[in-house]
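One structure is given below, encoded as structure tokens.
Atoms considered below: every heavy atom in the structure, side chains included; atoms not considered: hydrogens, waters and symmetry mates. For reference, positions follow the sequence shown, starting with 1.
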Amino acid sequence: MPMQDTFQHLFTVISGQRFLNKQGLGNEIPFFICPFKPEETVEMERLQRQLINRLAQVGVRILEINLYDLSIEILKERDIWDQVLEMEDSVSKEQLKELLQGVLDPEAHLVPAIAAKLASADFEVLFLSGVGEVFPYIRSHNVLNNLQSTAKEKPTIMFFPGSYTHSLESGASLDLFGRLHDDKYYRAFNIFHCEA
């Protein structure tokens, strides 16, 4: 889909009362995936900015949380940012990944930090971005699973560099960068399958 059509679809769906009132979800959590081609990351970031501005013009306030920026914020708040930078050259990638997985654990640290941002902001829709940047120490399905009890009041859209596919054989799958097929997640809707 051309970027202009993507923009128009997202704007029409997100600004619609059906979406904002979480209608037609069959009691499911209002989680939506906005998959895009990894090579279109820069264009998609630009589109997000335009979308936030355009939606603000019609009174729909967006809270955007970039998982990469939030991770750095958490590391700085916990006073371990400098240590992580110093260690980066001297430890293996596997050790660094394990360290970051521990200090940024979604259940213990990441989701509570998101909850704090949700509580202090006035918004109608949550945008989650930065999914590709935090791989492999934060996995999208893990964030969504842990976020289900925290962010269920308002629609959440995760911008996902890859594909979100459903098949009878393997169920639903978040395939990061279109290559990694191990992120099983069943409860989100593909926003490109939603009507305004």
Side-chain angles (χ1 to χ4, degrees), residues 1-25 28-73 106 110 113-114 117-118 121-144 147 151-166 172-181 183 185 187-196:
M1 185 186 292
M3 273 294 164
Q4 190 54 40
D5 293 349
T6 299
F7 177 88
Q8 197 52 49
H9 176 82
L10 292 174
F11 175 74
T12 306
V13 169
I14 297 168
S15 62
Q17 287 307 306
R18 181 182 166 84
F19 180 84
L20 293 171
N21 293 329
K22 301 178 291 175
Q23 292 170 341
L25 303 180
E28 277 294 339
I29 299 158
F31 282 2
F32 299 84
I33 304 294
C34 178
F36 61 91
K37 292 178 185 169
E39 60 270 27
E40 294 176 348
T41 297
V42 173
E43 290 91 332
M44 187 52 85
E45 285 171 359
R46 191 178 307 129
L47 182 145
Q48 284 172 43
R49 299 267 77 72
Q50 293 169 343
L51 200 53
I52 290 170
N53 291 336
R54 182 76 182 91
L55 287 164
Q57 291 170 5
V58 294
V60 179
R61 293 165 299 181
I62 304 295
L63 171 64
E64 184 186 23
I65 297 178
N66 180 299
L67 295 176
Y68 181 76
D69 294 340
L70 182 61
S71 298
I72 292 174
E73 227 177 277
L110 193 72
I114 292 174
K117 288 190 180 295
L118 298 182
D122 261 339
F123 67 99
E124 276 78 36
V125 180
L126 171 63
F127 279 9
L128 278 180
S129 61
V131 169
E133 289 90 331
V134 295
F135 176 82
Y137 50 90
I138 296 174
R139 304 298 292 267
S140 50
H141 69 290
N142 201 0
V143 174
L144 291 172
L147 204 56
K152 60 186 177 188
E153 301 304 323
K154 296 178 180 172
T156 295
I157 301 174
M158 176 179 271
F159 290 86
F160 187 79
S163 56
Y164 184 46
T165 55
H166 295 257
S173 178
L174 283 163
D175 301 331
L176 190 65
F177 309 131
R179 294 180 178 188
L180 304 160
H181 305 285
D183 287 355
Y185 190 77
R187 303 194 69 178
F189 298 90
N190 185 326
I191 198 156
F192 293 110
H193 298 164
C194 296
E195 292 175 12

Stepwise side chain to side chain contact (heavy atoms under 4.5 Å, CB included) test for Phe7 and Leu51 | CA-CA 7 Å; Phe7 177 88; Leu51 200 53; 3.9 Å; yes
Nearest-0.5 Å distance, CZ of residue Phe36 to CZ of residue Phe160 | 9.0 Å
In short, salt bridge (Lys or Arg N to Asp or Glu O under 4.0 Å) pairs touching residues 4-18 with sequence neighbours left out are none
Can Thr6 and Met44 be said to form a side chain to side chain contact (heavy atoms under 4.5 Å, CB included), step by step?
-> CA-CA 9 Å; Thr6 299; Met44 187 52 85; 4.2 Å; yes
Enter the distance from Asp175:CG to Tyr164:OH here, rounded to the nearest 0.5 Å.
-> 10.5 Å
Could you check Leu20, Leu25, Val125, Thr156 and say which one makes a side chain to side chain contact (heavy atoms under 4.5 Å, CB included) with Pro30?
-> Leu25
Side chain His9, main chain Ile191, donor-acceptor under 3.5 Å | yes
Would you indicate whether Glu39, at its atom CD, is surrounded by more than 12 heavy atoms from other residues, nucleotides or ligands within a distance under 6.0 Å?
-> yes
Side chain proximity check, Leu47 to Leu10, heavy atoms < 4.5 angstrom | yes
What distance do Leu174 atom CG and Ile33 atom CD1 have between them, rounded to the nearest 0.5 Å?
-> 5.0 Å
Name each donor-acceptor pair under 3.5 Å that joins a side chain in residues 54-71 to protein atoms two or more places apart or in another chain, with its distance.
residue : atom : partner : partner atom : Å
Arg54   : NH1  : Gln57   : OE1          : 3.4
Arg61   : NE   : Glu124  : OE1          : 3.2
Arg61   : NE   : Glu124  : OE2          : 3.3
Arg61   : NH2  : Glu124  : OE2          : 2.6
Glu64   : OE1  : Arg49   : NH2          : 2.3
Glu64   : OE2  : Ser129  : OG           : 3.3
Asn66   : OD1  : Tyr68   : N            : 2.8
Asn66   : OD1  : Asp69   : N            : 3.1
Ser71   : OG   : Leu67   : O            : 2.7

Euclidean distance, Leu126 CG relative to Lys154 NZ, rounded to 0.5 Å | 10.0 Å
Just say parallel, tilted or perpendicular for the rings of Phe32 and Phe19, cut-offs at 30° and 60°.
-> tilted
Heavy-atom distance under 4.5 Å between the side chains of Phe192 and Pro35, does that happen here?
-> yes
Of all heavy-atom pairs between Gln17 and Gln23, which one has the smallest distance, and what is that distance?
-> O-OE1, 4.4 Å
Atom CD in Gln50, atom CE in Met3: separation rounded to 0.5 Å?
-> 10.0 Å
Give, for atom CG of Leu128 and atom SG of Cys34, the distance between the pair rounded to the nearest 0.5 Å.
-> 12.0 Å
Got a sec: does the NZ of Lys22 have more than 12 other heavy atoms crowding it under 6.0 Å?
-> yes
Looking at residues at least two apart in the chain, or sitting in another chain, which of them share a salt bridge (Lys or Arg N to Asp or Glu O under 4.0 Å) with Glu133?
-> none
Greater than 12 external heavy atoms within 6.0 Å of Lys37's NZ = no
